[in-house]
S.K.: 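Let me give you the structure first, and then I'll get to my questions.
When a residue number appears, it is its place in the shown sequence, counting from 1.
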Amino acid sequence: MAQYLLSVHSVEGESPAPMTDEEVAQSVKQVMILQQEMKSAGAWVFGGRLTASDTATVVRMSGSEVLTTDGPFAESREHLGGFYIIAADDLDAALAWASKVTDLIGRPIEVRAFQNEPTA
């Protein structure tokens with residue numbers, strides 16, 4: 001089974017409509033149900049929600065020196081807000097999971113397969 005990254009993207013400055021505490025609780029419950037569905041189907045590998053992009057630190061090399069800079073790597077309005085790593089038989093199966101995620105959270109989902117590493 002291949003593994004796929006389902007990237008949840010958010011756009012800086014675009015906020016979802018305000019939700020009541022009850023709506024937030026219902027939304028969290030629905031996400032937990034979907035995650036349990038993934039686990040029951042054997043698709044769940046890992047997932048997580050990320051902090052805001054302005055809290056990021058970029059680490060890079062400059063010659064032999066390690067440099068760190070505050071803020072996101074790319075100057076963009078779109079940022080990775082969270083992700084799922086899933087196992088799926090093929091791209092169509094991964095897209096089916098992505099469809100459920102985007103329907104639930106109302107954010108665009110980018111689906112990418114992990115590159116298969118050659119075995120020794």
S.K.: Strictly distance-based, threshold 3.5 Å: is any side-chain N or O of Glu23 a donor or acceptor partner for the main-chain N or O of Thr20?
M.R.: yes

S.K.: So, taking the atom named NE2 in His9 and the one named CD in Glu110, what distance separates them when rounded to the nearest 0.5 Å?
M.R.: 4.5 Å

S.K.: Atom CE of Met38 and atom NZ of Lys100: how far apart are they, to the nearest 0.5 Å?
M.R.: 8.5 Å

S.K.: Do any N or O atoms from the side chain of Thr102 and from the backbone of Arg107 form a donor-acceptor pair under 3.5 angstrom?
M.R.: yes

S.K.: One pair to check against side-chain contact (heavy atoms from CB on, under 4.5 Å): Ile105 and Val8. What are the steps and the verdict?
M.R.: CA-CA 9 Å; Ile105 65 172; Val8 180; 3.4 Å; yes

S.K.: Using a 3.5 Å distance criterion without hydrogens, assess whether the side chain of Ser40 forms a donor-acceptor pair with backbone atoms of Gln36.
M.R.: yes

S.K.: Indicate yes or no: at least one non-hydrogen side-chain atom of Val111 is less than 4.5 angstrom from one of Leu91.
M.R.: yes

S.K.: Determine the minimum heavy-atom distance between Ser27 and Met19, stating which atoms define it.
M.R.: CB-CE, 3.7 Å

S.K.: Given the rule that I, L, V, M, F, W and Y join up when any side-chain heavy atoms are under 4.5 Å apart, are Val31 and Leu34 in one cluster?
M.R.: yes

S.K.: Just wondering, do Gln3 and Ile85 contact through their side chains at under 4.5 Å, heavy atoms?
M.R.: yes

S.K.: In terms of relative ring orientation, are Tyr84 and Trp44 parallel, tilted or perpendicular, with 30° and 60° separating the classes?
M.R.: perpendicular

S.K.: Any donor and acceptor pair, going by atom type alone, linking the side chain of Ser99 with main-chain N or O of Leu95 inside 3.5 Å?
M.R.: yes

S.K.: For residues Gln30 and Leu104, report the shortest heavy-atom separation together with the two atoms involved.
M.R.: CB-CD1, 3.3 Å

S.K.: Kindly work out whether a path of hydrophobic side-chain contacts (I/L/V/M/F/W/Y, heavy atoms less than 4.5 Å apart) joins Leu80 to Ile86.
M.R.: no

S.K.: Do Val59 and Val66 make a side-chain contact, defined as non-hydrogen atoms from C-beta onward lying under 4.5 Å apart?
M.R.: yes

S.K.: Are Phe46 and Tyr4 co-members of a hydrophobic cluster defined by side-chain heavy atoms under 4.5 Å apart?
M.R.: no

S.K.: Among Ile109, Leu50, Leu6, exactly one meets side-chain contact (heavy atoms from CB on, under 4.5 Å) together with Phe83. Which residue is that?
M.R.: Leu50

S.K.: Write down the atom of Ala87, the atom of Gly42, and the distance for their closest heavy-atom approach.
M.R.: CB-O, 4.0 Å

S.K.: Please walk me through it: do Met1 and Asp89 pass side-chain contact (heavy atoms from CB on, under 4.5 Å)?
M.R.: CA-CA 5 Å; Met1 224 184 263; Asp89 288 331; 3.5 Å; yes

S.K.: Quick one: does Ser62's side chain have a donor or acceptor within less than 3.5 Å of a partner on Glu65's backbone?
M.R.: no

